[in-house]
Amino acid sequence: MQLSESKMLNMIFAWVLVIQIFFSSFCFFFPPIHSSLQSTDTKHDKGLNLMSRISMPPSPAPKAVSPSYNPTTIFNVRSYGAIGDGVTDDTQAFKLAWDTACQTEDSEVLVPKGSFMIQSTIFTGPCKPCLKMQIDGTLMPPDGPDSWPRNNSKRQWLVFYRINEMSMQGTGVIDGRGEKWWNLPCKPHKGFTGTTQPGPCDSPVAIRFFMSSNLSVIGLKVKNSPQFHFRFDNCQNVYIESLNIKAPALSPNTDGIHIENTNNVKLYNSVISNGDDCVSIGAGCYNVEIRNITCGPSHGISIGSLGIRNSRACVSNITVKDSIIKHSDNGVRIKTWQGGSGSVSRVTFQNIHMDTVRNPILLDQYYCLTKKCPNQTSAVHISDVLYSRIKGTYDVRSPPMHFACSDSMPCTNLTLSEVELLPAQGKFVSNPICWSAYGTVQTLTIPPVFCLLGGTPEMLPQNGNERC
């Protein structure tokens, strides 16, 4: 009796299993409509064992769709009341736009097309990171010293103070309207009838960055500044590219870019034509790279002047390469005053083409603007300067190479390699000039340089004030 009951139970279980498999197979091929809504939905593997879909890998995520908005917050100066007609004073609109953008991370002050007149202004930080000033219109100051408000500084126009991570860029123009400033009687006037009268002679720098870092200036056109076009004081990590700076050849003190106490500077792919140095490098600068610059007419690319009024100056790690200097008073120049201290070291001038330049290579430790400068014994020490692959033509009014160094602080370790300079007119080749200059000539030069002294000076002062 027990055996037959056991058989009966086995038969019942077998039928139950068959029915279970049949309905499971039926659900597999014809899943219920609501199955996709059930969190415990199941499917069968090949062995018809039940397997939770929760344990299966998820379906691939849909591809991300690019946002249709610009993450940068734009502050258009017109939205803050700027008119842009070249006559209305738009200063307050610019300051409002700046102050608002300054407190917003990843923001942009937009200067659209139009002509915007702005008074002397300081744009102050610190600001949130990634601030951009997009200049697509024209910026201009009041027209000349008579239009300049009495209470505003006449030494500066647009100042950016304590800014970190800022870019200034655009397709616009910054017009300094400098002609009336250049014509002041106290300005040096060149020409046959030019005279200079004494008196106050302040003129504004167009754009000045002061105590700022991580800056980039890209793609702008800047012209006719009353004085320097750009000035960087006490800044670090500065990137400048694709600038076009232009002023008349006789405009006084219109340096293109001046840097002072500024380090880690990269200046690339720019065109500068003006009435003074294309680039001037002052005291306290190091790690400066200048590359692919077209310079001139101008006064060339200069380190200095340094050591004025017995001051101490330290400059090092300066490279100027792959550039053109044309129709200029000077080519590559180092100039220091007598009586200074400190040093200029590790300087490279490489692969530079000269086109009708009056002083292609000039090193002058007797720099003076008058004939009354007294002789002094102390001087800024100049060492480790390389002149390599400097070729082209020079204006025959001056020798093509001039190394005038201090008796008490001679120049040391000057190196010339592949220097070829021919007269722009005529066939007479002037001899280089050397004084207290020590160095080597690695290859034959044109004209030949026989005047450099070999070795090192016997007595070179080791006073700590002389070195940096």
Side-chain angles (χ1 to χ4, degrees), residues 75-77 80 82-84 86 88-102 107-112 114-127 131-145 147-149 151-164 166-178 180-181 202-213 215-235 238 240 243-247 253-260 262 274:
F75 299 91
N76 189 324
V77 295
Y80 291 84
I83 304 302
T88 305
D89 183 356
D90 290 323
T91 306
Q92 290 304 314
F94 272 71
K95 293 181 72 172
L96 285 171
W98 171 269
D99 290 342
T100 309
C102 179
S107 62
E108 174 184 308
V109 176
L110 174 61
V111 182
S115 296
F116 300 87
M117 196 276 286
I118 309 173
Q119 307 284 357
S120 176
T121 304
I122 300 177
F123 296 99
T124 306
C127 296
L131 175 59
K132 178 167 69 174
M133 193 165 201
Q134 180 75 24
I135 301 174
D136 294 328
T138 298
L139 300 184
M140 59 181 65
D143 189 14
S147 302
W148 209 264
N151 295 330
N152 288 358
S153 171
K154 290 187 177 181
R155 294 187 177 185
Q156 56 199 28
W157 176 32
L158 303 180
V159 180
F160 297 86
Y161 174 61
R162 289 189 179 275
I163 309 299
N164 181 40
M166 174 190 167
S167 66
M168 176 184 286
Q169 61 191 55
T171 60
V173 176
I174 298 173
D175 183 356
R177 304 171 85 176
K180 292 181 180 179
W181 296 91
D202 289 339
S203 297
V205 172
I207 302 171
R208 183 187 183 200
F209 288 92
F210 182 46
M211 297 182 67
S212 297
S213 59
L215 307 170
S216 65
V217 182
I218 301 172
L220 291 169
K221 293 181 176 65
V222 188
K223 66 179 185 178
N224 298 335
S225 176
Q227 200 168 305
F228 298 173
H229 287 77
F230 280 92
R231 180 175 179 129
F232 295 86
D233 288 287
N234 295 88
C235 295
V238 178
I240 304 168
L243 290 188
N244 189 311
I245 298 175
K246 189 173 183 178
N253 305 118
T254 53
D255 294 47
I257 299 170
H258 177 77
I259 61 175
E260 190 101 10
T262 293
N274 59 338

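Being a predicted model, the structure only gives us computed values, none of them experimental.
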Closest approach of [X] and [Y], non-hydrogen atoms and distance?
| X | Y | result |
| --- | --- | --- |
| Gln134 | Gly170 | NE2-CA, 3.5 Å |
| Trp181 | Asp202 | CZ3-O, 3.4 Å |
| Pro142 | Pro149 | CG-CD, 4.4 Å |
| Thr254 | Pro226 | CG2-O, 4.2 Å |
| Asp175 | Asn224 | OD1-CB, 4.1 Å |
| Ala101 | Val109 | CB-CG2, 3.6 Å |

Side chains of [X] and [Y]: closer than 4.5 Å at any heavy-atom pair?
| X | Y | value |
| --- | --- | --- |
| Ile174 | Leu220 | yes |
| Val238 | Ile259 | no |
| Trp157 | Ser225 | no |
| Phe75 | Leu96 | no |
| Ile240 | Phe230 | no |
| Leu215 | Cys235 | yes |
| Asn76 | Pro112 | yes |

Using a 3.5 Å distance criterion without hydrogens, assess whether the side chain of [X] forms a donor-acceptor pair with backbone atoms of [Y].
| X | Y | answer |
| --- | --- | --- |
| Ser115 | Gly86 | no |
| Asn274 | Ala247 | no |
| Asn253 | Gln227 | no |
| Ser147 | Pro145 | no |

Exercise. Please walk me through it: do Phe94 and Met133 pass side chain to side chain contact (heavy atoms under 4.5 Å, CB included)?
Worked result: CA-CA 11 Å; Phe94 272 71; Met133 193 165 201; 4.3 Å; yes

Exercise. Does Asp255 have any side chain to side chain donor-acceptor pair (under 3.5 Å) partners at least two apart in sequence or in another chain, and if so, which?
Worked result: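 Per chain and number, Asp255 pairs via side chain to side chain donor-acceptor pair (under 3.5 Å) with Ser280.
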
For this session: Look at the aromatic rings of Phe228 and His258 and report parallel, tilted or perpendicular, splitting at 30° and 60°.
Result: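 Rings of Phe228 and His258: tilted, as their planes differ by 30° to 60°.
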
Exercise. Around Lys132, counting heavy atoms of other residues, nucleotides and ligands shown, do more than 12 lie under 6.0 Å from its NZ?
Worked result: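 Buried by this count: over 12 neighbours within 6.0 Å.
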
Problem set entry | Qualifying residues under salt bridge (Lys or Arg N to Asp or Glu O under 4.0 Å), relative to Asp233, sequence neighbours excluded |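 If we apply the salt bridge (Lys or Arg N to Asp or Glu O under 4.0 Å) test to Asp233, skipping adjacent residues, the hits are Arg208, Arg231.
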
For this session: Kindly determine whether Phe209 and Thr262 satisfy side chain to side chain contact (heavy atoms under 4.5 Å, CB included), including the steps that lead there.
Result: CA-CA 10 Å; Phe209 288 92; Thr262 293; over 6 Å; no

Can you tell me how far apart [atom1] ([X]) and [atom2] ([Y]) are? Round to the nearest 0.5 Å.
| X | Y | atom1 | atom2 | answer |
| --- | --- | --- | --- | --- |
| Asp143 | Arg177 | CG | CZ | 4.0 Å |
| Lys221 | Leu243 | NZ | CG | 10.5 Å |
| Met211 | Asn164 | CE | CG | 12.5 Å |
| Ser213 | Ile163 | OG | CD1 | 9.5 Å |

Exercise. Is the distance between the ring centroids of Phe160 and Trp98 less than 6.0 Å?
Worked result: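 Centroid distance Phe160-Trp98: below 6.0 Å, so yes.
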
Problem set entry | Derivation of the side chain to side chain contact (heavy atoms under 4.5 Å, CB included) call for Val217 and Ile207 | CA-CA 11 Å; Val217 182; Ile207 302 171; over 6 Å; no

Using atom types as modelled, flag every donor-acceptor pair under 3.5 Å from a side chain in residues 116-125 to any protein atom, sequence neighbours excluded.
unit_1 : atom_1 : unit_2 : atom_2 : d
Gln119 : NE2    : Asp89  : OD2    : 3.4
Ser120 : OG     : Gln156 : O      : 3.0
Thr121 : OG1    : Gln119 : O      : 2.7

